[in-house]
Amino acid sequence: MQAAYLAPAITLFHEDGTLDLESQGRLFENLIEKGIDGILVEGSSSEFFAMPMEQRSIMAKFAIERINHRVKLIIGTSSMVAQQIIDFSNECLDAGADAVMILPPYYFHFGAEALLQYYDRLAREIHGPIYIYNFPDNTGYTIPPATVLQLAQMHPNIVGFKDTISGMDHTRELIKLIKPLIPSFEIYSGFDDNFAHNVLSGGNGCIGALSNVVPEVCTAWVRAFRENNLDGIAAGQQSIDRLMDLYAIRSPFLPVIKETARLRGICTTSAGTFPMPNATVEDDARILELLGRENIL
């Protein structure tokens, strides 16, 4: 059974706001060593929205060189400036990225016709594979499945979709509508606990942030699917369901994911971009309790 788990990698910083590329490299190596199928750099978990373009370009080049085609590498090139998306996307693809991932415009809500025009222009001017990224909690609206199908039929370089929605209704509609017509089109869920439902519905798996900190749990779950191991699939679902409590410790959740990575020895600090809050001593206690409950140290 097809099933893949990709990691939307966090971006690691020093306390002064500069990139901590040493820790970033350790994060990438840990993900690859633990068997993650691919890495998304500069997605929502990366804090791209608060990074200058020069810093984003440095991060992208570092990821391309360090990962070096050992796993699939997708780079998020989202911006509110279309030409900036096009230029950055082509820069990343020319340097060796496997694909780019792009959010719709945010701040204002756009309808189906405007979204069709938007991604049509991007796909015509970006010379490589594109994943569309749907995250209505952060953009304020959802991309209609019919629009996604139309775009995929218009542009062979629109190859997949990440659907970050807590339920599976929208994702199921995408799978039902697009997969029979374009079987190679990849559809991923953005929440870890939807991985099994996604795969069982005919999707491709998950791009979930828990993989930054418990990649061994995520890849064991994938392995259970590939081996048709029902007990392993159930165990993976139940473990991830409990670990989803990490997301509820603090909002936004990124400081908790980073602090969990620090507590597991992956990075030296959990510093984020201003005004992202820092994790607290109380957060640490809850993180360690959750990890201990799952026998993860």
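Nothing here was measured: the structure is a model prediction, and the numbers come from that model.
- Checking Glu47 against Thr11 by side-chain atom types alone, no donor-acceptor pair falls below 3.5 Å.
- To the nearest 0.5 Å, the span separating CD1 on Ile240 from CG on Asp192 amounts to 5.5 Å.
- Taking Met53 as the reference, Arg56, Gln84, Phe88 meet the side chain to side chain contact (heavy atoms under 4.5 Å, CB included) condition, with sequence neighbours excluded.
- With respect to Glu289 and Arg293, no salt bridge is recorded, no charged nitrogen being found less than 4.0 Å from a carboxylate O.
- With hydrogens and angles left out, the side-chain atoms of Asn194 and Ser189 include no donor and acceptor closer than 3.5 Å.
- Between Phe253 and Tyr247, the ring planes are perpendicular. Angles over 60° get that label, and only those under 30° would be called parallel.
- Using cut-offs of 30° and 60° for the angle between ring planes, the Phe191 and Phe135 rings count as perpendicular.
- Between the side chains of Asp283 and Thr280, at least one donor N or O lies within less than 3.5 Å of an accepting N or O.
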For residues 97-104, please give each side-chain donor-acceptor pair under 3.5 Å, one per line with the distance, not counting sequence neighbours.
residue	atom	partner	partner atom	Å
Asp98	OD2	Leu73	N	2.8

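- Between the CD1 atom in Ile85 and the OH atom in Tyr119 there is a gap of 8.0 Å [rounded to 0.5 Å].
- Between the side chain of Asp163 and the backbone N or O of Ile165 there is no donor-acceptor pair closer than 3.5 Å.
- Ionic pairing of Arg66 and Glu29 is present here: one or more N-O contacts between side-chain nitrogen and carboxylate oxygen are shorter than 4.0 angstrom.
- At most 12 non-hydrogen atoms from other residues, nucleotides or ligands lie less than 6.0 angstrom from CD of Glu22.
- Asp120 places no side-chain N or O within donor-acceptor distance of the main-chain N or O of Gln117, the cut-off being under 3.5 Å.
- How far CD1 of Ile36 is from NZ of Lys72: 13.0 Å, rounded to the nearest 0.5 Å.
- Taking the six-membered ring where tryptophan is involved, the planes of Phe195 and Phe225 are perpendicular, since the angle between them exceeds 60° and thus also 30°.
- Without hydrogens or angle criteria, Gln24 side chain to Leu12 main chain gives a donor-acceptor distance under 3.5 Å.
- For His155 (side chain) and Leu122 (main-chain N/O), no donor-acceptor pair under 3.5 Å exists by modelled atom type.
- In this structure, a donor-acceptor pair under 3.5 Å is absent between the side chains of Ser270 and Asn278.
- Not counting sequence neighbours, Glu91 has no partner by the salt bridge (charged side-chain N to carboxylate O under 4.0 Å, His left out) test.
- The structure places CD1 of Ile64 at 8.0 Å from CG of Leu93, a figure rounded to the nearest 0.5 Å.
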Lys258 and Cys267: CA distance, side-chain angles, deciding distance, side-chain contact (heavy atoms from CB on, under 4.5 Å) verdict: CA-CA 8 Å; Lys258 287 190 167 187; Cys267 54; 5.6 Å; no
